[in-house]
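A quick write-up on the structure given underneath.
No experiment lies behind these values; they were computed from the predicted model shown.
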Amino acid sequence: MSVAGPIEARAYEASNDPELLERYHQAGDIRARQLLIERHMPLVRRLAQRYAQRGEALEDLTQVGCVGLIKAIDRFDGEYQVALASYATPNILGEIKRHFRDKGWAMRVPREVQELNVRLGPVMDQLTVQLGRSPTVDELAAVTRAPRERVVEALESSRAYSALSLSAPSGGDDEGSTAMDALGTDEAGYGRSEDRQLLRQGLETLPERERAILHMRFFQGLTQSEIAARVGISQMHVSRLIRQSVERVRDVLDGPGRSMRRRREPA
């Protein structure tokens, strides 16, 4: 956003707001508009400062408030019997409140609750100074003239204003743990347990001898020669039974409506 520089602002130091407003509205002098913006930026910053503790950067709120200032300058009528600063203040505050109301909430909150939440900020600050302590809900309700239940709802709604990034540090240290670290992760044991259950069902379809051969080969780690010696058949016969049994179990597991997660064997 283009604003007048300090040197140019000093050159117009003797000019007052009515003269600059007239030059802008009557003669279309854009430099006069820029000088008015520059002159009233301290007002915008002071008003934005009131809401700086609500999770938004002060610079962002100042930019939002500046939009309200520009709208006030553009709408100002020379016949108004008020100073530009007086006319601009509600416009600036309105723009900031609208920003909080419409764009700052991480979840849907009723508009009347949002508006009350914004009103409660200055009231809480004022009562804290006056009372020397944090005000009670009843005291806030009395000042804002809102039902006690609605005040409680508005205070609770402040938690919904901004969402926590899962990658944001959970403590003050930027290198500390993040919210993501507190979330659960996939447990490989669950998958293995499911696979074992499915495999058991497939093995139950085999004859007892074939189940025994597969157990010796894949669970006890015996070689085909050792299995052949135990069962009393040839090694070639053992190899053929293992291949046929594995294919049979696979067919059962891959039947309609059933599937087993296949793990890729290393090449």
Side-chain angles (χ1 to χ4, degrees), residues 53-60 99-111 113-114 117 152-267:
Q53 304 303 319
R54 292 177 175 268
E56 291 281 323
L58 177 59
E59 184 61 30
D60 292 340
H99 170 77
F100 278 96
R101 185 187 66 198
D102 297 338
K103 300 180 180 179
W105 298 86
M107 60 181 292
R108 182 70 178 90
V109 175
R111 175 161 297 183
V113 176
Q114 297 179 24
N117 178 272
V152 173
E153 187 178 1
L155 293 173
E156 288 293 328
S157 71
S158 61
R159 301 179 182 179
Y161 175 69
S162 58
L164 174 65
S165 170
L166 293 179
S167 60
S170 58
D173 188 358
D174 291 341
E175 297 183 357
S177 60
T178 66
M180 181 69 77
D181 298 330
L183 299 179
T185 58
D186 291 338
E187 174 54 57
Y190 294 142
R192 289 194 295 269
S193 177
E194 181 181 353
D195 286 349
R196 283 195 295 269
Q197 179 62 28
L198 292 173
L199 181 59
R200 183 179 297 109
Q201 295 175 11
L203 291 174
E204 288 175 354
T205 65
L206 299 177
E208 183 177 352
R209 185 179 67 169
E210 278 77 351
R211 289 203 305 271
I213 290 175
L214 291 182
H215 186 273
M216 285 185 285
R217 179 69 183 94
F218 296 108
F219 290 90
Q220 296 181 8
L222 301 182
T223 65
Q224 293 183 9
S225 298
E226 292 171 332
I227 296 173
R230 286 193 180 189
V231 180
I233 57 178
S234 68
Q235 179 180 342
M236 184 177 296
H237 194 185
V238 169
S239 176
R240 183 168 61 252
L241 288 176
I242 290 175
R243 184 176 64 256
Q244 293 175 349
S245 298
V246 169
E247 291 177 353
R248 186 172 177 180
V249 170
R250 178 180 296 141
D251 290 340
V252 172
L253 296 179
D254 287 346
R258 306 180 68 181
S259 63
M260 179 176 178
R261 291 180 300 277
R262 303 274 181 81
R263 293 185 175 84
R264 187 181 300 275
E265 301 254 351

Under the ring-ring contact (aromatic ring centres under 6.0 Å, His included) definition, can you give me all pairs with a residue in residues 219-244, not counting sequence neighbours? H215-F219
Please report, to 0.1 Å, the donor-acceptor pairs under 3.5 Å made by any side chain of residues 202-214, with sequence neighbours excluded.
residue: T205; atom: OG1; partner: G202; partner atom: O; Å: 2.6
residue: R211; atom: NH1; partner: L206; partner atom: O; Å: 2.6

Stepwise side chain to side chain contact (heavy atoms under 4.5 Å, CB included) test for L241 and V231: CA-CA 12 Å; L241 288 176; V231 180; over 6 Å; no
Tell me every residue that passes side chain to side chain donor-acceptor pair (under 3.5 Å) with Q235, counting only those two or more places apart in sequence or in another chain. S225
Check side chain to side chain donor-acceptor pair (under 3.5 Å) between R248 and all other residues, then give those that pass, not counting sequence neighbours. none
Spatial distance of atom CZ (R250) from atom OG (S245) [nearest 0.5 Å]: 12.0 Å
Holding to side chain to side chain contact (heavy atoms under 4.5 Å, CB included), I want the full list of residues that pass it with E226, two or more places apart in sequence or in another chain. L222, T223
Non-hydrogen atoms of S234 and A228 that approach each other most closely: C-CB, 3.8 Å
